[in-house]
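None of these values were measured; they are calculated from a predicted model.
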Amino acid sequence: MSSINLCYIVLKFGGYWSEVQGETRMKYIGGSQKTIKLQRDEISLVLLKQRVEALCHWIRGQPFDLHYHVIGTSPKNYMLVASDSDLVDMLSSSYDRNRFEITVAMKHYEVDMSQNIQTELNNQSNEMYQYCSNIGDYNDIIVDDVCDDLFVPQIDEANSLFVGSQFDDSQSFKQAVRSAAILKNYAIKIKASDKSRVIVTCAYRGCPWRIRASLCHDGHSFEVRKIESSHLCPGVNRAGNKQATTSWVAHEIMDIVKRNPDITPKDISNNLEATYGLSLPYMKIWRSRELARDVMFGSVDDNYMWVPTLRSELLNRNVGSHITYMCDSRSNAFKRFFVSFKVCIEGFINGCRHLIGVDACHLKSKYLGVLLSAHCLDGNNGLYTIAYAVAESESKKSWEWFMKNLLESLACDIENLAFISDMEKGLSEAIKLIFPNAEHRVCMRHLWKNIKKYFRCEDGNKLQNLVWTAANSYNLHDLQKKMEEIFKISPQVHSYLSSLSCKWSKATFSLHIKNHYNTNNMSESFNAWVEDARSKPVVDLIDMIRVKVMEQRSQRKIISASWRSQLVPHVEEYIRDITTRKVHYIIRQSTSSRAEIEGIHERHEVDIEMKFCSCGFWQISGLPCIHSAAFIGTTQHILWHTYVDDHYYLNRYKMTYDGAISTLPGKEMWAAVSDNVDHIPCKAELPIANQEQLQYDDLLLFAPNNTFAYIICKDEISIAIANQ
């Protein structure tokens, strides 16, 4: 639907018309409401009645009337919708609004109140509400997918205000009264509130409405003892309704925040608008979301106090692991936390190929920060987490700190080690400093993005094909040929690729790593894997990732116990693939282990004893290439595992997942840490860099210094003071 021509119709149903005492006007009482969305040019009386009957099944076949609220009238004035021309009048009354209110009432309910049948009408209205409740007609469901079961307002509470109704405590009673006031569009004030009673009146001078609840005999419940009269006030402007406090909004959105802690304030605002007609300031909704998070998950600021205790618990339960954190020496504000479990390090050293992918992703909690991580691939090409850390930002200092702790975690000198990463700020320098002998590969996807960003070429598609072909070349001869072609098209790109200190082409990779990947997909997979944890405070974040890694290790250990082959399933499938391809090769054998393999466009020499092929793939990956597989297939009694690097053996895979990460009880059962210099509780710090702008949801943070930051959103400006 076109958003410009779209309008929202608030259908009020299940209520009845009542005369206002002392006045000639009528007021719609009780019932519930739903919002439907329609195109302005589609609205007709027939269509509206069809929608009404779809929502209120009990009135099908019964006569009913529709009335629309005349915009701008206070007290509210309603006009009968008897024809399409009445709908045209409703729509033309205000072109700058896209929200209209229409009431639904059965004709035999339109009774003069002077006949004193108020009780009967109330009973009939309650029966209709029961029908509505039975079919799940709550205000959280907006027809035509405006809202898909996201928002659950407390309609039951709002409709439970009658003499004799009980509430768990005074706060629940106040919440119910406030919800009813917002739903029915009037203002209230609490006249009296103590341990034994709560009295609420209408805030409009002269309105006689009043409700009183008193303490029950159980000492905590409250019961409505008295309700006086009906509202005679004109109502309030929903957009400025002061009853919609931060605490009230937090209570209303509790369920949705529990299911989706990362829901944006914009989504919450849309649901409040559709359900209550409220248009609240962005910052009020943001604060309400944070309050709801604090109530359900604990205060973010208090979470930092658990940092020393978490470290102590993890070390005591995972002996030999390297777990440390860092705080600011002056303010004691939290800075970084590093985790590397001993079983993960041992599994990496004993069972994995030594190519480590490192990456950083932004966190989404109150104080932001980044998550640094190091991973590799196990023998079956599964993601394997080596270490992870939380830091205040991505910088040369934070990467150096991470690499130093990773080196300390390894606790040994690995002769052949390689890293692969995106082109993060300061990472390359940190790797050279801490691991001077390690090979450093750059992710080809990010390298190509840089080339597209900084270089222009008339034939961009051809250049892209040449660069990627060069990157995926397994021997220096093919690489050199492609580089010559790149030079002819773009000397600047050729010069740029030649000047890179990190390796980007497979032809230049170490033959000892046995991993031919030149993209950092494993790090991207990790970032997506921990997506739900990235919005949590630091202690919960670290613990959630620990649980994920713990469960992953256990599951893979159980699954691998049923494998019977000497090779992991991934390699078995690979061998099955290359040996069943319909490719014709001519094999010219020289010795029992050496031969020439000639195809349509190429010829390579193969030595199966040395595990060598001139194409280069076998030496770099540790897996037989298609040329060597053709020669191996001519031998008798083929034992494929003898031609595969031992990193792909099942016993090496089982060594990878030998040992387990210890379980951990809830925070309330963690042992108290002795109050010494190494275990001083941390406090939160707003990680804002000098003169930086950070985009988060719809917030824009501008920080002139490390003490405060302007938070700008729409037309609002707030100041966030750093906790120092």
Side-chain angles (χ1 to χ4, degrees), residues 347-348 350-355 357 375-384 418 420 441 444 468-469 471-475 478 505-507 509-522 524-525 552 555-556 559-585 587 593 595 597 599 602 604-657:
F348 166 71
N350 298 327
C352 296
R353 292 159 289 170
H354 296 164
L355 173 65
H375 332 273
C376 66
L377 296 177
D378 60 27
N380 199 41
N381 268 14
L383 177 67
Y384 186 88
I420 184 169
R441 306 177 187 179
M444 192 56 209
W468 275 98
T469 305
N472 292 323
S473 299
Y474 288 97
N475 61 76
D478 291 345
S505 174
K506 296 177 180 181
F509 290 171
S510 170
L511 303 182
H512 302 285
I513 304 300
K514 303 304 178 186
N515 192 320
H516 60 286
Y517 292 114
N518 61 355
T519 58
N520 198 18
N521 290 341
M522 52 184 163
E524 302 295 338
S525 299
Q552 183 190 70
Q555 292 168 0
R556 290 180 177 175
I559 293 172
S560 63
S562 62
W563 297 347
R564 294 293 177 261
S565 174
Q566 291 180 293
L567 299 174
V568 295
H570 167 74
V571 174
E572 284 190 316
E573 185 178 347
Y574 166 77
I575 293 175
R576 191 178 304 112
D577 175 57
I578 63 172
T579 55
T580 55
R581 291 182 187 176
K582 295 181 179 180
V583 181
H584 179 68
Y585 287 106
I587 302 172
S593 62
I597 312 298
E602 58 183 353
H604 292 287
E605 56 177 330
V606 173
D607 189 332
I608 59 177
E609 184 177 337
M610 300 298 295
K611 298 180 181 177
F612 170 87
C613 179
S614 58
C615 74
F617 178 82
W618 198 355
Q619 302 90 287
I620 294 175
S621 68
L623 297 172
C625 60
I626 193 170
H627 315 106
S628 58
F631 182 28
I632 294 171
T634 64
T635 63
Q636 295 181 346
H637 310 296
I638 304 174
L639 299 175
W640 280 105
H641 68 276
T642 60
Y643 303 105
V644 174
D645 188 79
D646 61 0
H647 282 96
Y648 301 103
Y649 287 7
L650 178 58
N651 66 318
R652 291 289 291 267
Y653 184 87
K654 290 184 176 181
M655 291 171 63
T656 303
Y657 294 101

Side chain proximity check, V568 to Y574, heavy atoms < 4.5 angstrom: no
Qualifying residues under salt bridge (charged side-chain N to carboxylate O under 4.0 Å, His left out), relative to R564, sequence neighbours excluded: none
Q552, CD: over 12 other non-hydrogen atoms inside 6.0 angstrom: yes
Which residues share a side chain to side chain contact (heavy atoms under 4.5 Å, CB included) with S565, sequence neighbours left out: L567, E572
Contacts of D478 that satisfy salt bridge (charged side-chain N to carboxylate O under 4.0 Å, His left out) - sequence neighbours left out: none
Heavy-atom check, side chain of N350 versus side chain of T656, under 4.5 Å: no
Qualifying residues under ring-ring contact (aromatic ring centres under 6.0 Å, His included), relative to F631, sequence neighbours excluded: none
Partners passing ring-ring contact (aromatic ring centres under 6.0 Å, His included) against Y474 (at least two apart in sequence or in another chain): F617
Any side-chain heavy-atom pair of Y657 and S560 under 4.5 Å: no
Residues in side-chain hydrogen bond (donor to acceptor under 3.5 Å, both in side chains) contact with N521, at least two apart in sequence or another chain: R445, T519
Ring centre gap for Y653 and Y649 strictly below 6.0 Å: no
Heavy-atom side-chain proximity of W618 to D607 below 4.5 angstrom: no
Gap separating the NZ atom of K514 from the NZ atom of K611, nearest 0.5 angstrom: 8.0 Å
Pairwise side-chain contact, T635 with I638, heavy-atom cut-off 4.5 Å (strictly under): yes
Those residues that, when tested against H627, pass ring-ring contact (aromatic ring centres under 6.0 Å, His included) (two or more places apart): Y585, H604
Minimum heavy-atom distance between R556 and G382, given as atom pair plus value: NH1-C, 3.8 Å
Listed partners of R441 passing side-chain hydrogen bond (donor to acceptor under 3.5 Å, both in side chains), at least two apart: E439
Sequence-distant partners of Y517, side-chain hydrogen bond (donor to acceptor under 3.5 Å, both in side chains), two or more places apart: N381
Y384 and R353: side chain donor to acceptor below 3.5 Å: no
4.5 Å side-chain heavy-atom contact, Q566 and L650: no
Shortest non-hydrogen separation from I578 to A629 and the atoms involved: CD1-CB, 3.6 Å
Carboxylate-amine/guanidinium proximity below 4.0 Å for R652 and D378: no
Spatial distance of atom NZ (K582) from atom OG1 (T580) [nearest 0.5 Å]: 9.5 Å
L355 versus M522, closest heavy-atom pair with distance: O-CE, 4.0 Å
Partner set under salt bridge (charged side-chain N to carboxylate O under 4.0 Å, His left out) for E602, not counting sequence neighbours: none
Qualifying residues under ring-ring contact (aromatic ring centres under 6.0 Å, His included), relative to F509, sequence neighbours excluded: none
By side-chain hydrogen bond (donor to acceptor under 3.5 Å, both in side chains) - contacts of N520 (at least two apart): S523
